[in-house]
Student: 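First the structure, then my questions, so here it is.
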Amino acid sequence: MNKPEKPFSEACERNQEPIREVLGAVLTEPAQVLELGSGTGQHAVYFARHLPNLTWQPSDVVDALPGIELWCREANLDNLPDPIVLDVTQGAEGLDAVYDAVFTANTVHFVSWDVVRALFELSAEKLKKGGDLLIYGPFNEAGLYTSEGNRRLDAWLQARDPESGIKERGQVNALAAEYGFEAVSCFEMPANNQLLQFRLSAD
Ligand SMILES: C[S@@+](CC[C@H](N)C(=O)[O-])C[C@H]1O[C@@H](n2cnc3c(N)ncnc32)[C@H](O)[C@@H]1O
């Protein structure tokens with residue numbers, strides 16, 4: 001029988017090193033990290049391999065798990081446990097662990113505001129007080145696309161699912177505040193993306 005092929009994303013190949021640089025600067029201590037919406041699993045392997053101070057827990061909806069498992073098992077890294085099923089809209093019942101940081105890439109534009117709300121709610125529940133939520137992706141600024149490429153991406157997203165699409169960064173910050181997150185930094189990333197760093201209030 002043929003070996004199943006690992007899913008592959010060109011975008012992950014391009015963005016993983018710039019993201020690793022920011023994660024390496026922000027998460028300098030040993031830390032347990034939960035990734036939401038791991039996708040192919042490429043990011044999980046890359047960050048676990050190149051940031052050995054982190055224990056990286058990949059997760060995604062059930063359909064994505066087999067692909068992520070292929071990447072993780074092949075990599076066979078001590079700091080990369082098998083992925084877990086986690087649909088942010090279903091809450092985190094049964095997930096006992098709490099994490100020092102939560103990371104997610106290219107999910108916020110891919111889903112509706114309701115799912116983004118669920119993502120913040122779950123992150124607030126699963127993060128230690130003072131922990132960081134790191135969100136990578138494209139955002140709009142002052143009601144405007146930051147590039148023609150992002151305008152085209154948004155049209156494609158909304159044709160696929162009218163409730164999805166690129167979100168306004170200010171509105172993301174406002175939603176984050178509702179769940180007790182302070183906006184700490186906004187890192188400018190290649191190809192008109194940003195990496196938003198939020199910190200869960202310590203009270
Ligand atoms: C555009 S992909 C990004 C994947 C990967 N993080 C990357 O950067 O390539 C969006 C991801 O969000 C995940 N996703 C969508 N709805 C979700 C939900 N309700 N809970 C958790 N993950 C979800 C999808 O399964 C998919 O892996």
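Whatever order the structure lists ligands and atoms in, that order sets their numbers, starting from 1. These numbers were taken from a predicted model, which means no experiment stands behind them.
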Student: Among protein heavy atoms, which sits nearest to atom 20 (N) of ligand 1, and what does the distance come to when rounded to 0.1 Å?
Tutor: V88 N, 3.0 Å
Student: Between the side chain of D154 and the main-chain N/O of G165, is any donor-acceptor distance below 3.5 Å?
Tutor: no
Student: From atom 17 (C) of ligand 1, work out which of V61, L157, I19, V108 has a heavy atom at the shortest distance.
Tutor: V61
Student: What is the nearest protein non-hydrogen atom to atom 12 (O) of ligand 1, stated with its residue, atom name and distance?
Tutor: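 Result for atom 12 (O) of ligand 1: T107 CG2, 3.4 Å.
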Student: May I ask you to decide if the ring planes of F120 and F198 are parallel, tilted or perpendicular, using 30° and 60° as cut-offs?
Tutor: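 Perpendicular, since the angle between the ring planes exceeds 60°.
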Student: Which residue holds the protein heavy atom closest to atom 15 (C) of ligand 1, what is that atom called, and what is the gap in Å?
Tutor: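 Scanning the protein heavy atoms, the shortest distance from atom 15 (C) of ligand 1 goes to V111 CG1, 3.8 Å.
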Student: Against heavy atoms of F110, which atoms of ligand 1 measure under 4.0 Å?
Tutor: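 Answer, ordered by atom number: 1 (C), 10 (C).
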Student: Tell me: protein heavy atom nearest atom 9 (O) of ligand 1, and distance?
Tutor: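 Scanning the protein heavy atoms, the shortest distance from atom 9 (O) of ligand 1 goes to C12 SG, 3.2 Å.
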Student: Among all residues two or more places apart in sequence or in another chain, which pass the side chain to side chain contact (heavy atoms under 4.5 Å, CB included) test with R20?
Tutor: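 Partners of R20 by the side chain to side chain contact (heavy atoms under 4.5 Å, CB included) criterion, ordered by chain and then number, come out as E17, Y46, F47, H50, L51.
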Student: To check your reading of the model: name the closest protein heavy atom to atom 19 (N) of ligand 1, its residue, and the distance in Å.
Tutor: D87 OD1, 2.8 Å
Student: Using the ring of Y179 (Phe, Tyr or Trp, six-membered ring only), decide whether R117 places NZ or CZ under 6.0 Å from its centre and within 45 degrees of its axis.
Tutor: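 Relative to the ring axis of Y179, which defines the angle, R117 lies outside at least one limit.
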Student: Look at atom 24 (C) of ligand 1 and find which of D60, D63, N15, T40 reaches it with the closest heavy atom.
Tutor: D60
Student: Side chain or backbone of A11 under 4.0 Å from ligand 1, or both, or neither, by non-hydrogen atoms?
Tutor: neither
Student: Minimum distance, heavy atoms only, to atom 5 (C) of ligand 1: which one of P58, G137, P7, G37 is it?
Tutor: G37
Student: Select one of side chain, backbone, both or neither to describe which atoms of Q42 lie under 4.0 Å from any atom of ligand 1, heavy atoms only.
Tutor: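 Neither part.
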Student: What pairs with T104 under side chain to side chain contact (heavy atoms under 4.5 Å, CB included), at least two apart in sequence or on another chain?
Tutor: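 Counting only residues at least two positions away or on another chain, T104 forms a side chain to side chain contact (heavy atoms under 4.5 Å, CB included) with L36, T107, L119, I135.
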Student: Within a distance under 4.0 Å of any heavy atom of H43, pick out the atoms of ligand 1 and give their elements.
Tutor: 8 (O)
Student: If hydrogens are left out, which of L86, L36, T89 has an atom nearest to atom 21 (C) of ligand 1, that is, the closest non-hydrogen atom?
Tutor: L86
Student: Which residue and atom name correspond to the protein heavy atom nearest atom 1 (C) of ligand 1, and how close is it?
Tutor: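 Looking at atom 1 (C) of ligand 1, the protein heavy atom closest to it is N106 O, 3.2 Å.
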Student: Does L80 reach the side chain of V45, with side-chain heavy atoms less than 4.5 Å apart?
Tutor: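 Side chain of L80 against side chain of V45, heavy atoms only: contact under 4.5 Å found.
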Student: Measure the CH2-NZ distance between W113 and K167 for me, rounded to the nearest 0.5 Å.
Tutor: 6.5 Å
Student: Are any side-chain N or O atoms of S185 and backbone N or O atoms of F187, one a donor and one an acceptor, separated by less than 3.5 Å?
Tutor: no
Student: Tell me if the CD atom of E21 is crowded by more than 12 foreign heavy atoms within 6.0 Å.
Tutor: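 Yes, enclosed.
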